[in-house]
Amino acid sequence: MEASLINHSDNAASILIVGYNIPLMNALRRSILNNVHTLAIEDVTMYKNSSTMYDEVLASRLGLLPLRSIQYGGKGKKEFKFKLEQVGPKTVYAYDLVPEDPDIKPVYGDTILLTLKEGEKIELEAKATFGTGAEHAKFAPAHVFYHAYPSIETTKSEIKGASKIASLCPVNILDGENNKLSVKKGHLQECILCMACQDYAGEDVIKISADKNKLVFEIESWGQLTVKDIFEEAFDNLEEEIKETSKVV
Ligand code: SF4
């Protein structure tokens with residue numbers, strides 16, 4: 001099995017896997033979703049809430065905020081506190097939470113928490129702790145999935161209406177100039193296998209299928225950790241689990 005990066009940034013990566021092994025892909029996906037530690041708000045102490053939003057609803061919204069986290073569940077401190085004190089009229093955003101540690105704060109500060117009318121008040125203290133996706137989905141670090149790698153064959157050298165076929169592609173990866181149909185260089189993996197081109201032109205003109213030897217593994221971090229941090233902890237956990245399993249088999 002070989003892996004190579006198609007594209008990547010701190011928060012997302014597309015990885016081409018050649019000679020894939022489905023059980024291993026599933027194990028890696030589950031290790032990322034279930035075993036990687038991130039921070040999320042777990043306890044909320046409400047001192048004052050005269051808004052129209054129930055305490056429980058606001059606490060649930062706070063719990064779902066992705067927070068900048070520390071790899072491997074931190075190395076020491078396990079709890080991080082936040083304070084929120086606001087008076088209406090005001091729209092209260094995630095960035096209004098005052099963190100005890102300035103490095104631990106909401107990833108998306110412009111998330112709206114609630115709206116306060118004239119004279120309404122909110123005063124609370126929130127405590128974030130580390131957890132994993134196996135405990136609650138709010139701790140899951142990323143959206144992670146894999147999909148087929150496309151194979152596109154054009155069988156005729158000259159194709160009438162090639163430009164019309166190319167115009168049907170929703171991701172615009174086909175070239176249809178001068179009655180010739182081809183895939184734009186470097187864009188093959190963007191095909192979403194929708195079959196629109198083949199359904200219109202017929203299999204004898206353009207044949208779309210899934211490559212049996214390749215797939216694309218996709219990961220998009222929710223922002224608590226970088227993709228690199230997520231993979232490191234997920235692979236370490238997977239290795240540990242394989243060792244444990246091999247002891248009993
Ligand atoms: S299958 Fe869909 S996405 Fe792929 S080339 Fe054809 S029209 Fe474009």
Side-chain angles (χ1 to χ4, degrees), residues 1-34 36 64 66 107-108 110-111 133 137-138 140-232 234-235 238:
M1 196 168 81
E2 279 174 35
S4 57
L5 279 170
I6 296 171
N7 52 55
H8 75 104
S9 65
D10 275 357
N11 284 334
S14 301
I15 302 158
L16 174 64
I17 312 283
V18 180
Y20 60 80
N21 172 313
I22 288 293
L24 187 55
M25 294 295 98
N26 281 330
L28 177 58
R29 181 175 170 276
R30 286 181 182 279
S31 184
I32 291 170
L33 290 176
N34 293 341
V36 174
L64 294 172
V107 178
Y108 308 104
D110 54 1
T111 306
K138 68 182 178 182
H143 179 40
V144 53
F145 60 98
Y146 55 83
H147 59 83
Y149 190 85
S151 163
I152 302 178
E153 292 167 56
T154 50
T155 47
K156 293 181 179 172
S157 54
E158 192 149 312
I159 297 168
K160 266 192 183 168
S163 61
K164 167 71 182 169
I165 300 168
S167 73
L168 295 172
C169 178
V171 286
N172 193 27
I173 61 164
L174 295 176
D175 243 339
E177 282 178 17
N178 303 322
N179 287 337
K180 287 190 175 24
L181 195 61
S182 61
V183 180
K184 289 177 186 169
K185 203 169 169 214
H187 289 272
L188 175 62
Q189 74 278 357
E190 291 165 29
C191 169
I192 54 171
L193 298 161
C194 71
M195 313 305 272
C197 54
Q198 182 180 300
D199 288 347
Y200 176 80
E203 222 177 287
D204 56 327
V205 174
I206 183 164
K207 188 166 164 37
I208 308 290
S209 57
D211 192 312
K212 290 193 170 58
N213 195 38
K214 297 177 186 168
L215 60 74
V216 181
F217 193 89
E218 305 268 11
I219 177 165
E220 294 167 25
S221 165
W222 299 125
Q224 305 102 314
L225 295 167
T226 64
V227 164
K228 182 172 169 287
D229 287 347
I230 293 170
F231 270 123
E232 282 177 359
F235 274 119
L238 197 54

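Remember, it's a predicted structure, so these values are computed and weren't measured experimentally. Atoms within a ligand are numbered from 1 in the order they appear, just like the ligands themselves.
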query: Which ligand 1 atoms, with their elements, are less than 4.0 angstrom from a heavy-atom of Ile192?
result: 3 (S)
Which of the ligand 1 atoms, numbered from 1, are nearer than 4.0 Å to a heavy atom of Met195: 1 (S), 2 (Fe)
query: In the protein, what heavy atom is nearest to atom 6 (Fe) of ligand 1, and what distance, to one decimal place, separates them?
result: Cys197 SG, 2.3 Å
field: Protein heavy-atom partner closest to atom 2 (Fe) of ligand 1 - residue, atom, separation in Å
entry: Cys194 SG, 2.3 Å
task: Measure the spacing between CD1 of Ile173 and NZ of Lys184 and express it to the nearest 0.5 Å.
output: 9.0 Å
- line: Value for NE2 (His143) from CG (Leu33), rounded to nearest 0.5 Å, stands at 9.5 Å
- prompt: Where's the contact between Val171 and ligand 1, heavy-atom distance under 4.0 Å: side chain, backbone, both or neither?
  reply: side chain
- request: Specify whether an N/O/S atom of Cys169 falls short of 2.8 Å from atom 4 (Fe) of ligand 1.
  value: no
query: Is there a side chain to side chain donor-acceptor pair (under 3.5 Å) between Tyr146 and Asn26 once you walk through the steps?
result: CA-CA 9 Å; Tyr146 55 83; Asn26 281 330; 2.8 Å; yes
- request: State whether a side-chain donor-acceptor pair under 3.5 Å links Asn7 with Ser14.
  value: yes
- prompt: Taking 2.8 Å as the cut-off, does an N/O/S atom of Cys191 lie below it from atom 6 (Fe) of ligand 1?
  reply: no
- prompt: Going by the angle between their ring planes, with limits at 30° and 60°, are Phe231 and Phe217 parallel, tilted or perpendicular?
  reply: tilted
message: Tell me the closest heavy-atom pair linking Trp222 and Pro66, and the distance in Å.
response: O-CB, 3.8 Å
